[in-house]
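A short worksheet on the structure shown next.
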Amino acid sequence: MTVRQAITNLVLNGSLYREKGRGTFVSKPKLEQPLNALTSFTEDMRARGLVPSNKLIKFEKQPPPFDIARGLLLEEGEEVYFIVRIRNADEQPMAIERTYIPVRALPNLTEESFNGSLYRLVEDTYGLKMGNAIQQMEASIVAKEDSKYLQIDPSAVVLMIKRISYLTDGRPVELVRSSYRADRYKFISEIQR
């Protein structure tokens, strides 16, 4: 009885998982993302000793939806780059990102130039400086299309993140909506009184 309860506790805290008809297995450890610094996915994975990579799904220039234009402080008629990428760590899908970048902020951006860290590209290629970001997080059931890209069950929970990143001069340079695998990722923050 004690062993059964201990296994149940390990399943509840995520250390183990059960598959009906197959057994109980050890879960992969979740990656922890501190919420005290503005880092890119690429920088974050490298800091953990993991190899980051991307799979580009879409790269196009388009007029933004109203809520995106408002979030990026765009004027009528301005366009954005719309980029959809699968973000991998050690060749395992961790997140899917849908990124909107004002064309005026990064003119002449190409599919070929956008293959790693956006923040590195902004700073090294365009000579701009990343400043801060405002980020919102919530739990959600994965979208059907995203479950295929993330290789998870269609009823799995994901961490939905919306972030607007700003340059040091206050101009928004990115609005990104990400779905992170909740079984592989967690966010931590230190709070002081």
Side-chain angles (χ1 to χ4, degrees), residues 31-138 146 149-150 158-181 184-185 187-189:
L31 296 176
E32 293 182 355
Q33 168 73 37
L35 296 176
N36 56 0
L38 178 59
T39 59
S40 70
F41 179 88
T42 301
E43 293 165 339
D44 190 42
M45 292 303 109
R46 285 189 179 137
R48 288 177 166 66
L50 302 171
V51 178
S53 61
N54 305 298
K55 180 178 181 187
L56 188 64
I57 305 299
K58 184 180 283 192
F59 183 98
E60 61 188 33
K61 200 186 288 189
Q62 66 180 36
F66 177 76
D67 62 323
I68 301 299
R70 187 177 60 211
L72 291 171
L73 306 176
L74 300 178
E75 294 180 16
E76 191 174 331
E78 288 193 81
E79 290 187 310
V80 294
Y81 298 105
F82 176 54
I83 302 144
V84 181
R85 299 186 288 174
I86 307 301
R87 306 307 302 264
N88 301 303
D90 286 347
E91 300 183 15
Q92 297 295 311
M94 296 296 291
I96 182 167
E97 291 182 348
R98 289 173 177 84
T99 306
Y100 300 87
I101 300 169
V103 170
R104 73 170 142 84
L106 304 180
N108 307 315
L109 186 63
T110 65
E111 194 171 314
E112 293 75 31
S113 66
F114 197 81
N115 59 8
S117 167
L118 171 64
Y119 297 165
R120 266 306 120 225
L121 179 72
V122 166
E123 295 181 337
D124 295 346
T125 303
Y126 287 88
L128 303 170
K129 200 80 171 136
M130 296 302 299
N132 66 307
I134 297 174
Q135 188 164 272
Q136 302 170 10
M137 290 178 275
E138 62 183 306
D146 292 356
Y149 288 127
L150 295 174
V158 291
L159 299 170
M160 299 290 294
I161 298 165
K162 177 185 173 187
R163 178 168 58 192
I164 301 176
S165 302
Y166 299 88
L167 299 173
T168 51
D169 65 8
R171 287 182 294 156
V173 72
E174 165 201 48
L175 188 152
V176 60
R177 291 178 174 157
S178 307
S179 296
Y180 279 82
R181 288 179 57 158
R184 297 292 320 277
Y185 221 82
F187 291 88
I188 57 171
S189 64

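In this chain, residues are counted from 1 in sequence order.
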Original post:
Would you say Met137 and Met160 make side-chain contact, with heavy atoms under 4.5 Å?
Top reply: no

**OP:** Could you list the residues that satisfy side chain to side chain donor-acceptor pair (under 3.5 Å) with Thr110, not counting sequence neighbours?
**Re:** Ser113

Subject >> Ser53: side-chain contact (heavy atoms from CB on, under 4.5 Å) partners, not counting sequence neighbours >> reply: Asn88

Subject >> Approximate separation, where rounding is to 0.5 Å, of Ser179 OG and Leu150 CG >> reply: 6.5 Å

Original post:
Distance from Leu128 atom CG to Leu106 atom CG, nearest 0.5 Å?
Top reply: 7.0 Å

**OP:** Please name all residues satisfying ring-ring contact (aromatic ring centres under 6.0 Å, His included) with Tyr149, sequence neighbours left out, ordered by chain then number.
**Re:** none

Original post:
Sequence neighbours excluded, which residues qualify as side chain to side chain donor-acceptor pair (under 3.5 Å) partners of Glu78?
Top reply: Arg104

Original post:
Does Ile161 reach the side chain of Gln135, with side-chain heavy atoms less than 4.5 Å apart?
Top reply: yes

Original post:
Under the salt bridge (charged side-chain N to carboxylate O under 4.0 Å, His left out) rule, what pairs show up with a residue in residues 57-77, not counting sequence neighbours?
Top reply: Asp67-Arg177

Original post:
Hey, what do you get for OH (Tyr180) to CG (Asp146), rounding to the nearest 0.5 Å?
Top reply: 13.0 Å

**OP:** Please identify each residue that fulfils side chain to side chain donor-acceptor pair (under 3.5 Å) with Asp169, with sequence neighbours left out.
**Re:** Arg171

Original post:
Restricting to pairs with a member in residues 86-109, which pass ring pair (Phe, Tyr, Trp, His ring centres under 6.0 Å), not counting sequence neighbours?
Top reply: Phe82-Tyr100

**OP:** Please identify each residue that fulfils side chain to side chain donor-acceptor pair (under 3.5 Å) with Asn108, with sequence neighbours left out.
**Re:** none

Subject >> Set of residues satisfying salt bridge (charged side-chain N to carboxylate O under 4.0 Å, His left out) with respect to Glu123, sequence neighbours excluded >> reply: Arg120

Original post:
Rounded to the nearest 0.5 Å, how far does CG of Leu109 lie from CD1 of Ile83?
Top reply: 5.5 Å

Subject >> Residue pair Pro102 / Glu174: nearest heavy atoms and the distance that separates them >> reply: CD-N, 4.5 Å

**OP:** Would you check if Val122 and Leu167 make a side-chain contact, meaning some heavy-atom pair closer than 4.5 Å?
**Re:** yes

Original post:
So do the side chains of Val80 and Leu72 get within less than 4.5 Å of each other, counting heavy atoms only?
Top reply: yes

**OP:** Name all residues meeting the ring-ring contact (aromatic ring centres under 6.0 Å, His included) criterion together with Phe59; count only those two or more places apart in sequence or in a different chain, and write none if there are none.
**Re:** Tyr81

**OP:** Measure the spacing between CD1 of Ile164 and CG of Leu175 and express it to the nearest 0.5 Å.
**Re:** 4.5 Å

Subject >> Heavy-atom pair of closest approach, residues Tyr119 and Ser165 >> reply: OH-OG, 2.8 Å

Subject >> Derivation of the side-chain contact (heavy atoms from CB on, under 4.5 Å) call for Glu111 and Leu56 >> reply: CA-CA 9 Å; Glu111 194 171 314; Leu56 188 64; 3.1 Å; yes

Original post:
Taking C-beta and beyond as the side chain, do Arg87 and Pro52 meet within less than 4.5 Å on heavy atoms?
Top reply: no

Original post:
Looking at CD1 of Ile101 and CG of Leu121, how far apart are the two atoms once the value is rounded to the nearest 0.5 Å?
Top reply: 7.5 Å

